[in-house]
Amino acid sequence: MSFDNAYEAITEENSSRWAFGTGFEDPLSGMDTAVPSGVDAADLTAYCLMLGDDALIVSHRLQEWCTNAPELEDEVAIANIGLDLLGQARLLLARAGGGRGEDDYAFFRDEHEFRNVRLAELPRGDFGKLIARLLVFATWRLALLSRLADSRDPVLSAIAAKGVKEVTYHRDYAAQWAVRLGDGTEYSRERIREGLERVWPFVGELFVPHEIELRLTEAGVAVDPSTLRAEFDDVIAQVLAAATLDVPDVAARAGVAGRTGRDGVHTEAMGYLLAELQSVARAHPEGTW
Amino acid sequence: MTATLPEQDLERHFERTIEHDQRIEPRDWVPEAYRKTLIRMIAQHAHSEIIGMQPEGNWITRAPSLRRKAILLAKVQDEAGHGLYLYSAAETLGADRAELTDKLVNGRQKYSSIFNYPTLTFADVGVIGWLVDGAAICNQVPLCRSSYGPYARAMIRICKEESFHQRQGYELLMTMMRGTERQRRMVQEATDRWWWPSLMMFGPPDGDSPNTEQSMAWKIKRHTNDELRQRFVDMSVPQADALGVTLPDEDLKWNAERGHYDFGEIDWSEFKQVLAGNGPCNAERVAHRRAAHDGGAWVREAAAAHAAKIKESVA
C-alpha cells in the first residue's frame, strides 16, 4: 500500500482487511445446518433465540457504554466484549432458522417474543453495575457454553466452542475489576456492592430450566442450566473473596404467574431498549442496509 | 553522549536529520519549538479521535442491521485505539495523557471542528465514512512520512484502518442507494450537510494558516492545506458520480487547463464560528467527554488504590 497516494490506498482490492469478510450475507454458510435427528425444529429455534437474545441484549447494554468508559483501555475492552456478544447473537439468531434471518429476529419481533433472561436487559447503571452484571453473566455463560461445546448439534457445538474463548476473557475482565473495586477505595467498594445487590435478585432465574431446555438436553443438544449452579457459585465465591466482598443475601425476583424472561415476560426496561434497537429498521421496513 | 555537545552542534545534527529525510526518535535532541508543535498536533489529533467517537457512537444502538451494528461498533472502537496510540506518541515527547485529557475537557486544546456537526440520520454514518474519513486520509497519509518517528509509525497503522472505514462507509451508501426512494433521499440529504464541513477539515486557506510554513520546514507537514483540499475534491467528484449523488456546489466543474476541479468559495465565517466554540454541537461534545472523564474518576482512583495495596503487600 502506498502512503503517498491516498486514493490508491482506498481503492486497493484486498478483502482480507475486511473484518467480517465481504460476503457476510449468511454467517453459517458452508455448515451443515440440518436439524439433528429426534429434535423438534421449533424447539431448536426457540433455544437458539434464548441464547442469542441473551447475547444481543447484553451487547446492547455494553454498546450504551461507548464513549462513556472511565479510561480509554476500558473503552476498547467494553466495545470488544460487546462485539464478541453481538457476534454470538448473530450466529445464534442465524441458527434459529425457521425461514427467518438474524435481522428479522432482531428487529421485527415484539417484546414478548424475546427470550433473554431479565438480567440481560436491566438498565446500564454505573461502572459498578456494569462489572456486577458482566461478572454474573459471563460466569454463567462460560459454564453454559463450555458444556454446550459437546452438543450433538454441530452448529451449536461450533458456536459454543468459539464463544468459550471469548467469554473466558469477559469473565476475566469482570473478575479483575470486581477485585479492584472491592479492594480499592471505600467509595468503589460501595459501588460494586450496590451493583451486586441490584443484579442478584435476577441470578436465580439463570438456573431455572425451561421445558424446551429440558427436552433438548434430553436429546443431547442443549444444556440444563440447573446443572451450572455449583460451578457458578464456586467461581463467584472465589472472585468475591479476592474482592473482600460478601455474596449478596437478597431474595430472588418473582416472575408473572411464574413466567420470566425465557417465557417472554420482561421488565419495564425492555420496551425502551427495543424501541431504540428497532427504531430505524422499523421506520424503513423495506430498506436495505 | 549528546548531553555533552554544545547546543549549536545538536541543532546542526537535528537539521541534518530533517534535511536527509531521516526520522527524529524520542531520545534525539530537538528544538523546544519542534517538541511543542508536535505535542500540539498529536494531542489535537488524539482528541479528534476521541471526540469523533461521539457522532458515530450516536447510532450504534439504533443501527438497522446487526452487520452494520458490528461494523459501526468496531469502527468506533478503532477510534478509541487510535486515540491511545496517539496519546502514547505524545508521551514520547514528554507529554502526559491525563494532562492532555484535562486540557481537552477544559477547552484549552482543540480537536477537529468536523465533530461539532450533528449526526441526524443513519445515512450520516455512511457519509462520515466516505467524506470525513476520506478527508482525514488525505490529511493523514502524508503524515506517515512525518519527520517524527513515533507519530509517523502511528499514522501508518491509523491510515490503514481509516481507509478501511472509508470503504465501509462508501459501501453502506452504495447499499442504501440501491434501496428505497426514502433511503436515497437520506443519502443525498446527508451528503448535502457534510460536504462543506468536510472541505473545512483541511483548515484555513494557505494565506491564512499561521503554522503551516514552520511545520513544512520541519517536515512535520508535507503539503499545504489548499493542496490537500484540492486532492480531496478531485478524488470525491468521481466517487459522488458513481454513487449517484450530487455535491452541493454549483461552481464545481472540471478545469482542463489546471487538470483539477474548480470549486466554490467555502463559508469561512461558519468555520470561524465553529472554531470559536459556537458550532451546532461544540458544547455537547466537550460536556459529554468531561462527564465520562469525571464520572470515571472514582474507577481510576480505585484501580490506583488497589495497585498501591498490592505493591505494599509485596514489599
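- Residue A/Ala89 does not touch chain B at all, counting heavy-atom pairs closer than 4.5 Å.
- For B/Arg62, the parts lying near chain A are the backbone and the side chain together; criterion is any non-hydrogen pair under 4.5 Å.
- The residue among B/Glu162, B/Arg300, B/Gln140 with the most heavy atom pairs within less than 4.5 Å of chain A is B/Arg300.
- Closest approach of B/Pro64 to A/Val280, counting heavy atoms only: CB-CG1, 3.8 Å.
- Between chain B and the residues A/Arg189, A/Arg191, A/Glu64, the most heavy-atom pairs under 4.5 angstrom are made by A/Arg191.
- Of all non-hydrogen atoms in B/Ser65 and A/Asp103, the two that sit nearest each other are CB-OD2, 3.2 Å.
- Side-chain atoms of A/Leu56 and B/Leu66, non-hydrogen and from C-beta on, do get closer than 4.5 Å to each other.
- Interface residue B/Val76: only side-chain heavy atoms are found under 4.5 Å from chain A.
- Around OH of A/Tyr272, the count of heavy atoms belonging to other residues, nucleotides or ligands within 6.0 Å does not exceed 12.
- If you measure heavy-atom distances from B/Tyr87 to chain A, the contacts under 4.5 Å come from the side chain alone.
- For A/Arg100, the salt bridge (charged side-chain N to carboxylate O under 4.0 Å, His left out) partners at least two apart in sequence or on another chain are A/Asp104.
- Minimum heavy-atom separation, B/Ala80 to A/Val76: CB-CG2, 3.8 Å.
- A/Thr67 contributes atom OG1, which lies 8.0 Å from atom CD1 of B/Ile60 (distance to the nearest 0.5 angstrom).
- The side-chain heavy atoms of B/Ile50 and A/Glu75, taken from C-beta on, include no pair separated by under 4.5 Å.
- Only the side chain of B/Met186 comes within contact range of chain A, with heavy atoms under 4.5 Å apart.
- Heavy atoms of other residues, nucleotides or ligands lying less than 6.0 angstrom from CD of B/Glu312 number 12 at most.
- For the set B/Ala297, B/Gly57, B/Ala308, B/Ala292, the count of heavy-atom pairs under 4.5 angstrom toward chain A peaks at B/Ala292.
- Here A/Leu181 contributes atom CG and B/Trp298 contributes atom CH2; the two are 5.0 Å apart, rounded to the nearest 0.5 Å.
- Of the two parts of A/Leu277, the backbone and the side chain both hold a non-hydrogen atom closer than 4.5 Å to a non-hydrogen atom of chain B.
- With sequence neighbours left out, the salt bridge (charged side-chain N to carboxylate O under 4.0 Å, His left out) criterion links A/Arg133 to no other residue.
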Q: Show the numbers, then the answer: is there a side chain to side chain contact (heavy atoms under 4.5 Å, CB included) between B/Val299 and A/Glu71?
A: CA-CA 9 Å; B/Val299 178; A/Glu71 190 57 282; over 6 Å; no

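- Of the atoms belonging to A/Phe107, it is side-chain heavy atoms, and not backbone ones, that fall under 4.5 Å from chain B.
- Using a 4.5 Å heavy-atom cutoff, the side chains of A/Asn68 and B/His288 are in contact.
- Closest approach of A/Cys66 to B/Met53, counting heavy atoms only: SG-CE, 4.4 Å.
- Heavy atoms closer than 4.5 Å to chain B are found nowhere in A/Ile78, neither backbone nor side chain.
- Of all heavy-atom pairs spanning A/Leu83 and B/Ala70, the tightest one is CD2-O, 3.4 Å.
- Using modelled atom types, one finds a donor on one side chain and an acceptor on the other under 3.5 Å when comparing A/Glu276 with B/Thr61.
- Distance OG1/A/Thr288 to CG/B/Leu172: 9.5 Å, rounded to 0.5 Å.
- When each of B/Gln54, B/Arg182, B/Arg68 is checked for heavy-atom pairs under 4.5 Å with chain A, B/Arg182 comes out on top.
- B/Lys69 and A/Glu102 are not joined by a salt bridge, as no carboxylate oxygen comes within less than 4.0 angstrom of a charged side-chain nitrogen.
- Residue A/Asp74 does not touch chain B at all, counting heavy-atom pairs closer than 4.5 Å.
- Between B/Arg67 and A/Trp289 the shortest side-chain heavy-atom distance does not fall below 4.5 Å.
- Most heavy-atom pairs under 4.5 Å with chain A, from the set B/Gly296, B/Ala302, B/Ala303, B/Ala307: that is B/Ala302.
- Between A/Gly184 and B/Lys309, the shortest heavy-atom contact is O-NZ, 3.1 Å.
- Within the 4.5 angstrom heavy-atom criterion, only backbone atoms of B/Ala63 (N, CA, C, O) approach chain A.
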